[in-house]
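Each chain gets a letter, A, B and so on, in the order the sequences are listed, and its residues count up from 1.
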Number of protein chains: 2
Amino acid sequence: MKKIVALAILILWSIGAWANNTDFMPMPEKITFQEGNFRLDANFKMAVQGSAHPRLYDAATRALHRLAGRSGLFFPQDVITPQTPAEGARFLVYCQKAGRVELGENESYEIVVTPQKVELSCITDLGGLRGLETLLQLLRADENGYYFPVVTIQDKPRFPWRGLMIDVCRHWMPMEVIKRNLDGMAAVKMNVLHLHLSEDQGFRVESKVFPKLHQLGSDGHYFTQEQIREILAYADARGIRVIPEFDMPGHTTAWFVGHPELASAPGPYTIERRWGVMDPTMDPTKESTYAFLDKFLGEMAKLFPDPYLHIGGDENNGKQWNQNAAIQAFMKKKNIPDNHALQAYFNNRILKILTKHGKKMVGWDEILHPDMPKTIMIQSWRGPKFLVESARKGYTGILSNGYYIDLIQPASFHYLNDPVPADSALTDAEKARIMGGEATSWAELVTPETVDSRIWPRTAAIAERLWSPANVRDVEDMYRRMEIISFQLEEHGLTHIKNYEMMLRRLTANQDIRPLKNLVDVIEPVKIYQRHSQGVKYFSHSPYTRAVDAARPESMTARWVAKTVEAFLQDPAQANAETIMACLNKWRDNHAQLQQTMIKSPVIRELESLSQDLSDLAAAGLKAMDALLAEQKLDAGWRYEQQAVIERAKKPRGQAELMIIPAVVKLMDAASTE
Amino acid sequence: MKKIVALAILILWSIGAWANNTDFMPMPEKITFQEGNFRLDANFKMAVQGSAHPRLYDAATRALHRLAGRSGLFFPQDVITPQTPAEGARFLVYCQKAGRVELGENESYEIVVTPQKVELSCITDLGGLRGLETLLQLLRADENGYYFPVVTIQDKPRFPWRGLMIDVCRHWMPMEVIKRNLDGMAAVKMNVLHLHLSEDQGFRVESKVFPKLHQLGSDGHYFTQEQIREILAYADARGIRVIPEFDMPGHTTAWFVGHPELASAPGPYTIERRWGVMDPTMDPTKESTYAFLDKFLGEMAKLFPDPYLHIGGDENNGKQWNQNAAIQAFMKKKNIPDNHALQAYFNNRILKILTKHGKKMVGWDEILHPDMPKTIMIQSWRGPKFLVESARKGYTGILSNGYYIDLIQPASFHYLNDPVPADSALTDAEKARIMGGEATSWAELVTPETVDSRIWPRTAAIAERLWSPANVRDVEDMYRRMEIISFQLEEHGLTHIKNYEMMLRRLTANQDIRPLKNLVDVIEPVKIYQRHSQGVKYFSHSPYTRAVDAARPESMTARWVAKTVEAFLQDPAQANAETIMACLNKWRDNHAQLQQTMIKSPVIRELESLSQDLSDLAAAGLKAMDALLAEQKLDAGWRYEQQAVIERAKKPRGQAELMIIPAVVKLMDAASTE
């Protein structure tokens with residue numbers, strides 16, 4: 001009986017401790033806290049034992065420097081090597097064998113922290129890398145200094161393919177963008193960087209076989225092969241595979257600038273500066289096309305070591321094919337019924353080339369066709385339905401629909417989007433074909449300055465969906481933890497937080513940014529593809545430096561206000577009321593100040609009426625708060641009059657939307673008679 | 001008479017306009033404003049005419065995108081090329097000929113803005129590049145939008161050598177640090193990047209001839225030759241020369257890890273992790289040393305196109321030479337009287353090698369020796385006296401003493417430091433030998449995270465000293481303009497502003513940074529070499545992430561407070577009093593809040609007593625303010641008691657100093673009886 005009580009107390013205490021200490025993202029599979037702490041001090045030493053790949057020593061060195069950087073402790077060790085003695089080390093990493101950065105490699109690990117030492121055990125060094133990141137998320141501090149709480153963590157990924165696609169074509173993304181995002185990916189245990197390397201707007205890798213591809217198709221913005229090798233090494237050091245994508249037969253204008261002979265219509269071609277689905281498409285009927293692609297893909301197959309190579313295959317509008325008599329004749333002769341079948345013919349030819357060069361094919365949904373063998377892998381941008389369907393048909397696949405982070409949707413939306421939905425009714429064998437997913441950072445509307453803020457922190461929520469058990473789905477807790485990881489990601493030079501105020505400084509020409517920040521804090525860019533359908537015509541050289549570009553994809557201020565208002569309406573405690581009143585007062589008075597700022601910042605004038613609406617809405621909200629606090633009701637006529645203010649405020653301006661409307665409306669509704 | 005009055009009015013008006021519009025840095029030689037503005041709109045087009053080098057088209061394209069980025073205007077042009085038609089272009093660049101990125105090339109330009117058009121004329125495209133930066137500094141805005149004021153500017157540099165040395169050895173500085181700093185240099189018209197490429201702590205460039213140099217001497221952190229070419233191209237595109245420095249015979253430990261045979265004492269050697277002057281020195285008596293350096297310098301001479309190559313030559317402590325019997329015997333045999341003479345012998349041998357490879361020698365003061373010919377160039381770290389002396393002796397030289405930005409001195413100090421002091425008494429021919437100067441970013445105490453904040457904005461003040469006429473010396477106006485250029489430099493991704501709060505976020509573990517910021521805003525790191533002499537032993541792997549590293553080299557808050565207090569004491573206007581009171585109140589109350597922050601941030605506890613002292617000092621300041629405002633005097637006893645508070649506050653803590661002490665003391669003194 002005593003034992004049971006003790007156990008119950010331990011369990012209850014663990015739950016309490018859990019609540020205070022699970023600041024992880026992604027959440028590990030199993031965590032057991034116990035009492036006590038391991039204290040860090042300036043004598044802290046670490047060592048790696050067993051048979052690890054060199055990458056584990058480098059990762060251990062980086063982890064040590066990050067711990068020093070956060071704690072300000074002057075640790076005695078400089079670099080961790082196989083020669084680093086275990087004697088005196090209070091943090092030991094045990095690794096069974098060198099891992100391979102390949103699909104399905106063992107990434108499991110176990111962490112055991114006692115007051116005396118920290119142990120991290122792993123089968124392969126990839127598990128070690130993941131465990132080091134977990135340990136860095138475990139660091140805590142109190143009056144007595146920095147510590148790791150005593151804990152046992154067992155962890156492994158749910159899906160083996162946890163990717164981020166970066167489009168480096170529509171806007172060029174230089175080396176440092178790729179590197180800092182690889183660090184960010186490693187921090188949240190992602191393991192696939194998918195590089196979208198060719199597009200209508202740019203061909204972004206050096207080809208020594210066909211140099212006109214990058215020389216004429218890139219405006220000088222491409223990765224040299226040495227730089228690709230640098231990316232590969234950087235990714236490998238972080239246990240991340242790199243999958244190159246060469247989109248074909250559509251999205252290929254930039255190829256045709258140097259090689260018009262590949263196209264289905266005569267040139268000349270120039271680098272595309274507009275966005276959208278373009279006509280230029282490879283000619284799938286000419287043998288010379290395959291001879292070219294054989295050589296080119298052979299070159300790329302050697303450059304990129306991963307067995308998978310992505311051929312895109314999306315959004316071929318078929319116009320050039322329809323208008324080309326030779327292609328039409330070819331289809332007739334070969335009994336190819338339609339463009340989709342012609343593309344399947346093309347894909348089958350490409351598949352043979354890839355197979356010859358030792359590569360497996362990945363492509364977007366469109367490559368799915370009855371003529372295609374089961375060896376190809378489908379990346380679904382159309383939806384889980386398509387992915388489930390292809391799994392049922394025997395194809396392996398990964399989900400990207402629902403992970404389109406360029407569409408500026410909330411983290412909660414991405415977070416609850418499961419590659420294997422609970423209601424999918426797939427057999428276990430079919431489920432196993434769904435390998436994971438990829439967040440996609442399409443680059444029409446982002447530049448190196450803003451791209452991090454579109455990727456992070458929301459991609460951390462996707463990373464958790466792909467790593468953690470399916471039942472980790474608490475949205476509120478996800479948001480709490482996402483804020484923590486967002487801050488930690490700055491350690492890698494990611495600019496998602498710091499470029500915000502920098503952009504506001506430019507927008508205000510270095511005036512006091514506060515009035516503008518008060519407004520931009522509560523707006524979000526319009527969602528999905530709306531930015532292209534509001535009368536603004538974007539080109540690749542357009543400015544992506546406006547308030548809509550500075551605005552966060554998800555306003556955490558608006559989220560916090562909504563929660564606070566909800567709590568107030570449920571239980572009108574004075575503290576909440578004061579916070580809400582302070583916010584409303586700030587917004588009401590903000591417009592007059594922002595108008596002063598606008599005098600020297602015409603660039604923000606596009607938000608002038610939105611700012612006015614925020615002020616009006618806040619004034620109405622204040623009136624509602626006064627009534628609620630006085631326990632009086634405003635009459636229905638007043639509420640009716642406010643509808644015009646609300647409707648006006650709902651209209652996007654400067655391609656941004658005001659996100660605090662629902663919260664203020666709730667206050668109005670609660671304050672008014674029906 | 002009418003004409004004279006009109007002229008006088010015009011002059012008076014010009015002076016008024018000047019005061020409002022000269023936000024340039026560096027200040028151009030001649031500026032004449034007139035009434036009217038050139039308005040930018042979405043139809044704005046530009047074109048380049050004449051015979052320019054391709055770099056001018058690229059620079060014009062970048063300038064166009066920066067204008068778009070600031071104004072949010074959707075200009076119709078994507079890239080400016082020789083084919084871009086002049087028709088319809090309201091901004092025309094006229095360039096006489098392609099420039100060469102070489103010492104002494106013509107960098108002059110003229111800008112003429114009328115209400116109808118903007119014209120930029122230059123002899124070479126280098127002048128065009130400088131003029132584009134001036135034009136970007138001319139952009140203004142009002143209620144009617146963005147504009148350039150009508151103006152004529154004639155400009156050319158005072159000195160032909162305006163450099164920044166970046167030490168990439170003591171802490172590794174990757175590509176993106178170099179690139180964004182090259183952009184920063186171009187923005188302030190600097191034209192020499194001096195790369196300090198080898199040191200005791202690292203050998204930072206790939207050698208294909210002697211690969212052990214970078215393979216064993218760099219911890220894997222070095223520039224490949226392709227990356228060097230990338231830097232060279234990036235610099236060339238901005239009209240900046242690149243001077244490589246290979247420091248010898250001292251500062252060479254990292255060479256000896258792979259090549260101990262070069263040293264004056266037997267190895268083995270490991271990469272140095274400490275700072276200071278080390279013993280390892282090349283053996284100047286062995287022919288094999290010269291055979292090696294001939295091959296190596298031959299390789300580097302080909303890699304770096306500039307005619308100048310820097311051989312360092314500083315801080316050889318001579319210990320290894322003194323202890324090496326063979327070297328002593330050699331000196332005796334050759335009648336070499338001392339180590340300085342032996343180094344001159346070494347330098348003469350190196351000079352022959354460099355001459356053979358088509359290079360001119362640059363070195364630090366120590367290479368100056370009667371045995372050295374006049375063809376060498378001296379970079380003076382010892383002082384203008386040495387530079388003047390060497391100019392008198394017939395050597396060309398550049399000044400770096402007084403431009404050591406790593407020593408954390410105020411911009412005003414660097415700004416007033418003239419390569420040719422007014423009292424130098426040199427002949428014109430001697431003066432002409434002083435080619436300019438270089439700011440030096442030594443890297444013991446900086447990392448890629450903090451280096452920009454040590455370089456900028458203070459280097460802009462040095463850039464002005466080297467570009468603008470000698471009589472541009474108004475310190476107050478320099479500070480006003482430096483703040484503007486500092487903000488503009490963010491456009492290039494420089495992190496000197498944005499990494500400040502990022503570091504404070506890490507220091508507070510993402511708590512509210514305001515209490516910490518209130519403190520760090522008014523501290524500065526200890527100056528000169530004090531950080532190494534306060535009982536903290538730094539290694540290359542030590543954390544450079546503490547409050548002292550986040551603190552600005554020069555507290556603009558403290559500067560502003562000092563000015564405000566001075567103004568108040570001269571004329572106790574109520575507005576100033578309120579501002580001062582608000583500051584003092586904030587500081588007095590800050591400590592209690594910061595103590596709360598410290599609970600979870602042990603790393604900032606090293607500032608706890610400093611924070612307490614700030615609070616105590618502020619309380620005393622408030623008492624003084626009360627007395628001053630009440631026109632009462634506090635008795636001398638009170639003032640005497642406060643001396644203990646002041647003395648306590650003066651003591652550095654966490655290797656940082658409180659900068660607001662003099663201002664508060666002034667208040668106390670003014671409020672007390674003698």
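The part of Lys537(A) that comes within reach of chain B is its backbone (N, CA, C, O), which places non-hydrogen atoms under 4.5 angstrom from that chain. Proximity to chain B involves both the backbone and the side chain of Glu143(A), based on heavy atoms less than 4.5 angstrom apart. Contacts of Tyr544(A) with chain B are absent, with no heavy-atom separation under 4.5 Å from either backbone or side chain. If you measure heavy-atom distances from Leu73(A) to chain B, the contacts under 4.5 Å come from the backbone alone. Residue Pro448(B) does not touch chain A at all, counting heavy-atom pairs closer than 4.5 Å. Residue contact with chain B, scored on non-hydrogen atoms closer than 4.5 Å, involves the backbone and the side chain of Arg70(A) alike.
With a 6.0 Å radius and a threshold of 12 heavy atoms from other residues, nucleotides or ligands, Arg274(A) has its CZ atom at or below the threshold. Atom CZ of Arg514(A) has 12 or fewer heavy atoms from other residues, nucleotides or ligands within 6.0 Å.
The candidate with the highest count of non-hydrogen atom pairs below 4.5 Å against chain B, out of Pro76(A), Pro543(A), Gly220(A), Gly493(A), is Pro543(A). When the candidates Arg505(B), Lys600(B), Met598(B) are compared by the number of heavy-atom contacts under 4.5 Å with chain A, Arg505(B) comes out ahead. Taking Glu490(B), Gln77(B), Met503(B) one by one and counting their heavy-atom pairs under 4.5 Å with chain A, the maximum is reached by Glu490(B). Of the listed residues (Thr224(B), Val79(B), Ile604(B)), the one with the most heavy-atom contacts under 4.5 Å to chain A is Thr224(B). Chain A forms the most heavy-atom pairs under 4.5 Å with one residue out of Gly69(B), Ser542(B), Pro174(B), Ala68(B), and that residue is Gly69(B).
Looking at Glu491(A) and Arg506(B), no side-chain N of the basic residue comes within less than 4.0 Å of a carboxylate O on the acidic one, giving no salt bridge.
Residues Phe74(A) and Tyr538(B) are in side-chain contact: their nearest non-hydrogen atoms beyond the backbone lie under 4.5 Å apart. Taking 4.5 Å as the limit, some side-chain heavy atom of His541(B) sits within range of a side-chain heavy atom of His65(A).
Going from atom CG of Asp219(A) over to atom CG of Asp78(B) covers 8.0 Å, rounded to the nearest 0.5 Å. Rounded to the nearest 0.5 Å, atoms OG (Ser71(A)) and CG (Leu507(B)) are 11.0 Å apart.
The nearest pair of heavy atoms linking Lys498(B) to Met502(A) is NZ-CE, 3.9 Å. Among all heavy-atom pairs drawn from Asn510(B) and Glu483(A), the shortest one is ND2-O, 4.0 Å. Closest non-hydrogen pair, Pro602(B) versus Ala141(A), comes out as CD-CB, 3.5 Å.
Residues Gln227(A) and Glu230(B) have side chains that bring a donor and an acceptor to within less than 3.5 angstrom of each other.
In this structure a side-chain-to-backbone donor-acceptor pair under 3.5 Å is present from Tyr146(A) to Val603(B).
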